[in-house]
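Reviewing the structure listed below.
Letters go in sequence order (proteins before strands), and every chain restarts at 1.
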Protein chains: 2
Amino acid sequence: MADQRLEVWCAGKDWCPITTTTTLIGRKWHPVILHRLLENGPLGFNDLKTEVDGISSKVLSDSLEDLEEKGFITRHVVNDKPVRVSYELTDLGESLEVVIFAMRDWGMEHLKPPEPT
Amino acid sequence: MADQRLEVWCAGKDWCPITTTTTLIGRKWHPVILHRLLENGPLGFNDLKTEVDGISSKVLSDSLEDLEEKGFITRHVVNDKPVRVSYELTDLGESLEVVIFAMRDWGMEHLKPPEPT
DNA sequence: CTGTATCCACAACGATACTG
DNA sequence: CAGTATCGTTGTGGATACAG
């Protein structure tokens with residue numbers, strides 16, 4: 001169960017739900033990665049590297065590992081030759097949709113370039 | 001206007017709304033601070049220090065300064081002797097409600113302690 | 001009450017190069 | 001295609017003490 005795995009993240013945080021959320025997805029690229037997976041379905045490593053503009057291989061690799069460890073995504077080897085993997089959201093990852101989309105919507109509403117008048 | 005001030009945060013980010021959002025409120029304590037102000041209205045420095053469990057004076061001070069600089073909160077000196085200030089959300093800060101509450105709700109739904117059965 | 005001043009620590013990010 | 005290996009940098013946070 002997801003609840004069981006996530007128990008650990010609650011400890012010592014005084015049960016503040018905001019803090020626990022930021023602890024889980026508060027790293028620089030996590031929300032963007034999750035967003036791309038939400039919008040475009042399962043993606044390979046290079047697909048993500050293209051979608052997430054500006055990220056390096058190392059940081060993407062690190063981030064994916066962290067997200068997998070926390071139970072938000074799964075990694076599957078789809079093909080052996082050439083090697084091809086697929087990163088996919090778990091149910092827990094999907095459940096972040098409302099958070100990620102809220103961030104996206106806020107950004108779109110407040111950060112678009114000023115209209116020419 | 002808010003749009004004008006926020007222009008700067010868009011540049012060079014390839015206009016990804018998620019990235020801009022995380023750039024603005026992605027620091028460790030920002031969402032918690034904003035949440036307390038959303039729920040409890042204007043608060044003094046020590047009120048916040050109490051509400052935001054575990055934060056140090058320095059980090060709270062730094063965070064408030066950053067939030068003010070970005071236009072999410074205002075700081076007013078309410079009383080001179082003893083010194084008393086009031087931190088309050090701007091309209092822009094209030095507009096983050098949906099994001100912050102989404103984080104809170106997700107945290108509450110997924111991180112509560114397992115029920116005894 | 002509302003901070004500032006130091007000083008330290010370290011996770012996380014970034015750049016570059018290389019591998020099966 | 002999907003990473004790993006280095007290695008350098010730094011933003012951010014944490015502890016503690018002190019100040020108007």
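In plain terms, the two heavy atoms of B:Cys16 and A:Val32 that are nearest each other are SG-CG1, 4.3 Å. Of all heavy-atom pairs between B:Pro31 and A:Ile18, the closest is CB-CG2, 3.6 Å. Shown here for A:Lys81 and A:Asn79, the closest heavy-atom pair between the two residues is N-OD1, 3.5 Å.
As judged by a 4.0 angstrom heavy-atom cut-off over every strand, A:Asn46 is placed among residues touching the sugar-phosphate backbone only. Residue-level contact check: B:Lys58 touches the bases, meaning some heavy atom is under 4.0 Å from a base atom.
Put simply, NZ on A:Lys28 is 11 Å from C1' on D:dT10, counting in whole angstrom units. In this entry the distance linking CZ of A:Arg75 with C1' of D:dT4 reads 12 Å, nearest Å. Rounding to whole angstrom units, CG of residue B:Leu64 and C1' of D:dT12 are separated by 15 Å. For B:Asp80 and D:dG20, the CG to C1' distance is 12 Å, given to the nearest whole Å. Rounded to a whole Å, the CG atom of A:Leu43 is 13 Å from the P atom of D:dG3. Nucleotide D:dT12 holds its C1' atom 13 Å from the CD1 atom of B:Ile33, rounded to whole Å. Following rounding to the nearest Å, A:Lys49 (NZ) and D:dC1 (C1') show an atom-to-atom distance of 11 Å. For the pair A:Glu65 CD and D:dA5 P, the interatomic distance rounds to 11 Å; values are reported in whole Å.
Salt-bridge formation is not detected for the pair B:Asp53/B:Arg36: no Lys NZ or Arg NE/NH1/NH2 atom is positioned less than 4.0 Å from an Asp or Glu carboxylate oxygen. Taking a cutoff of 4.0 Å between a charged side-chain nitrogen and a carboxylate oxygen, B:Glu97 and B:Arg104 do not qualify as a salt bridge.
Residues B:Val85 and A:Trp29 each lie close to DNA chain C; by heavy-atom proximity, the contact nearer the 5' end of the strand is made by B:Val85. Taking for each of A:Ser57 and B:Val59 the nucleotide of DNA chain D with the nearest heavy atom, the 5'-most of the two is the partner of A:Ser57. The nearest heavy atom of DNA chain D to A:Pro82 and to B:Asp62 marks one nucleotide each, and the one closer to the 5' end goes with A:Pro82.
Two residues are said to be in side-chain contact when any heavy atoms from C-beta on lie closer than 4.5 Å; A:Thr90 and A:Glu88 fail this criterion.
Think of the region where chain A sits on DNA chain C: with heavy atoms and a 4.0 Å cut, that region ends 5' and 3' at C:dA12 to C:dA15.
The aromatic rings of A:Phe45 and A:Tyr87 sit tilted, their planes meeting at an angle between 30° and 60°.
Ranking D:dG3, D:dC1, D:dG20 by closeness to the B:Val83 side chain, first place goes to D:dG20.
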